[in-house]
Undergrad: 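I'd like to ask some things about the structure below.
Fair warning: this is a prediction, and the values are worked out from it, not measured in the lab. Numbers here are sequence positions counted from 1.
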Amino acid sequence: MIEIRNLGKQFQNETEIEYHDITFQTGKSYMLLGASGCGKSTLLNMIAGILSPTKGSILIDGKDMSAASQKIKDKFRIEKIGYIFQDFKLINDMTVADNIGILRLEGVDISGMDDMLKTLDIYEKKNAKIKHLSGGQKRRAAIAGIIAMRPELLILDEPAAGLDPRGRDSIFKNISEYQKKSGSTVLIVSHSMEDMARYCDRLIVMSGAKILLEGECREIFTRADELSAV
């Protein structure tokens with residue numbers, strides 16, 4: 001379980017984002033919706049331990065990870081968290097398999113790599129260099145590597161950006177299947193209402209780092225007037 005308590009982040013340009021308290025339940029999938037700049041990606045980066053909050057706490061299974069040393073955060077992230085953000089990077093002159101294989105150097109078990117590459121329809125490019133792949137293929141390869149880690153917490157920022165409808169559906173379907181089989185917690189930023197309705201348990205609507213709406217998708221979608229204002 002992830003508990004966000006009195007959390008805030010101040011940046012060098014003195015912009016400050018403060019969050020309402022939020023609780024993400026274990027074994028649920030959440031999609032975060034909100035206009036650009038409302039703090040969705042910053043929140044995910046802080047949960048992943050990549051950014052440190054200026055104030056407040058991030059409790060994961062009761063442990064205050066926001067107060068932990070960077071070494072502990074890095075260890076926790078490697079062992080427990082799989083994440084991919086919009087500006088994900090792969091090494092262009094390495095193959096798909098070698099890019100994912102780097103995780104072994106950090107002690108990550110990626111024995112499920114081939115199965116996940118097949119599931120995401122990218123296995124035939126396993127030995128292709130990243131620079132020879134399309135944008136959609138790169139994204140599928142990156143997500144396959146992350147899910148192959150079998151993380152307890154999966155964090156994805158616009159995982160289907162740039163994909164056609166078939167590719168987007170494949171990505172979200174496989175994320176949903178992984179979540180149900182593993183019992184992991186999944187946090188996703190997406191702007192697709194259709195994806196949210198089909199593949200997530202709960203929807204969080206944010207504006208200015210504040211939680212406007214939170215609940216099951218069917219409940220939130222009945223409040224169309226409030227959604228259209230976001």
Side-chain angles (χ1 to χ4, degrees), residues 1-88 146 149 151-159 161 175 179 183-192 195-196 199-217 219-220 223 226-227 229-230:
M1 184 169 68
I2 304 167
E3 301 171 85
I4 306 301
R5 298 290 177 260
N6 192 35
L7 197 67
K9 177 65 178 176
Q10 185 167 9
F11 294 92
Q12 289 184 345
N13 63 3
E14 298 187 356
T15 298
E16 186 171 15
I17 302 177
E18 296 183 341
Y19 295 87
H20 280 180
D21 290 356
I22 315 167
T23 297
F24 299 101
Q25 297 291 337
T26 302
K28 296 289 186 181
S29 57
Y30 294 82
M31 284 200 181
L32 282 67
L33 172 68
S36 297
C38 75
K40 304 183 300 296
S41 296
T42 298
L43 176 61
L44 296 186
N45 272 282
M46 287 193 288
I47 292 173
I50 296 170
L51 287 179
S52 296
T54 307
K55 67 175 184 179
S57 301
I58 301 172
L59 303 176
I60 300 182
D61 291 338
K63 298 178 180 178
D64 187 357
M65 296 306 296
S66 56
S69 68
Q70 192 59 50
K71 183 177 180 179
I72 291 175
K73 289 179 183 178
D74 291 343
K75 184 175 186 294
F76 184 83
R77 185 166 62 246
I78 290 168
E79 293 179 349
K80 305 289 187 180
I81 301 176
Y83 61 93
I84 181 169
F85 295 101
Q86 286 180 291
D87 59 349
F88 73 96
I146 293 302
M149 295 168 59
E152 295 178 18
L153 171 60
L154 184 59
I155 298 175
L156 302 160
D157 193 349
E158 293 288 356
I175 291 170
Q179 187 270 327
S184 63
T185 304
V186 179
L187 311 181
I188 305 176
V189 168
S190 176
H191 289 96
S192 171
D195 294 333
M196 292 177 183
Y199 296 117
C200 72
D201 296 316
R202 299 184 71 81
L203 175 60
I204 293 177
V205 183
M206 298 177 63
S207 177
K210 304 295 187 284
I211 305 302
L212 297 184
L213 302 169
E214 196 236 323
E216 294 184 359
C217 291
E219 171 193 346
I220 299 299
R223 303 166 71 172
E226 292 170 84
L227 276 176
V230 175

Undergrad: I need the minimum non-hydrogen distance between E214 and E219, along with the two atoms involved.
TA: O-OE2, 4.4 Å
Undergrad: So which atom in L203 and which in M31 form the shortest heavy-atom distance, rounded to 0.1 Å?
TA: CD1-O, 3.2 Å
Undergrad: Between the side chain of K80 and the main-chain N/O of P151, is any donor-acceptor distance below 3.5 Å?
TA: no
Undergrad: With rounding to the nearest 0.5 Å, note down the distance linking CG in L153 to CZ in F24.
TA: 9.5 Å
Undergrad: Could you tell me if the side chain of M65 sits less than 4.5 Å from the side chain of I72, heavy atoms only?
TA: yes
Undergrad: Please determine which of T26, L187, T23 meets the side chain to side chain contact (heavy atoms under 4.5 Å, CB included) test together with I2.
TA: L187
Undergrad: Distance from L33 atom CG to S190 atom OG, nearest 0.5 Å?
TA: 8.5 Å
Undergrad: Nearest 0.5 Å, what's the CD1-CD distance between I84 and E158?
TA: 11.5 Å
Undergrad: Any sub-3.5 Å donor-acceptor pair from Y19's side-chain atoms to G39's backbone N or O?
TA: yes
Undergrad: A side-chain contact here means heavy atoms from C-beta on lying under 4.5 Å apart; do L154 and Q179 qualify?
TA: no
Undergrad: If you measure from CD1 on I204 to CD1 on I22, what distance do you get to the nearest 0.5 Å?
TA: 5.5 Å
Undergrad: Look only at the side chain of K40 and the backbone of M206, and say whether a donor-acceptor pair between them is shorter than 3.5 Å.
TA: no
Undergrad: First locate atom CG of L51, then atom CE of M46, and finally report the distance between them rounded to the nearest 0.5 Å.
TA: 7.0 Å
Undergrad: Are any side-chain N or O atoms of T185 and backbone N or O atoms of G27, one a donor and one an acceptor, separated by less than 3.5 Å?
TA: yes
Undergrad: Using a 3.5 Å distance criterion without hydrogens, assess whether the side chain of S29 forms a donor-acceptor pair with backbone atoms of D201.
TA: yes
Undergrad: Using modelled atom types only, decide if a donor and an acceptor are shared between the side chain of D64 and the backbone of L59 within a distance under 3.5 Å.
TA: no
Undergrad: Could you go through the side chain to side chain contact (heavy atoms under 4.5 Å, CB included) check for I4 and I58 one step at a time?
TA: CA-CA 5 Å; I4 306 301; I58 301 172; 4.1 Å; yes
Undergrad: State which residue, out of L44, I146, I50, fulfils the side chain to side chain contact (heavy atoms under 4.5 Å, CB included) condition with Y83.
TA: I50
Undergrad: Roughly how far apart are L7 CG and L43 CG, rounded to 0.5 Å?
TA: 7.0 Å
Undergrad: For residues F88 and D157, determine if any side-chain heavy atom of one lies less than 4.5 Å from a side-chain heavy atom of the other.
TA: no
Undergrad: Are there more than 12 heavy atoms of other residues, nucleotides or ligands under 6.0 Å from atom NZ of K55?
TA: yes
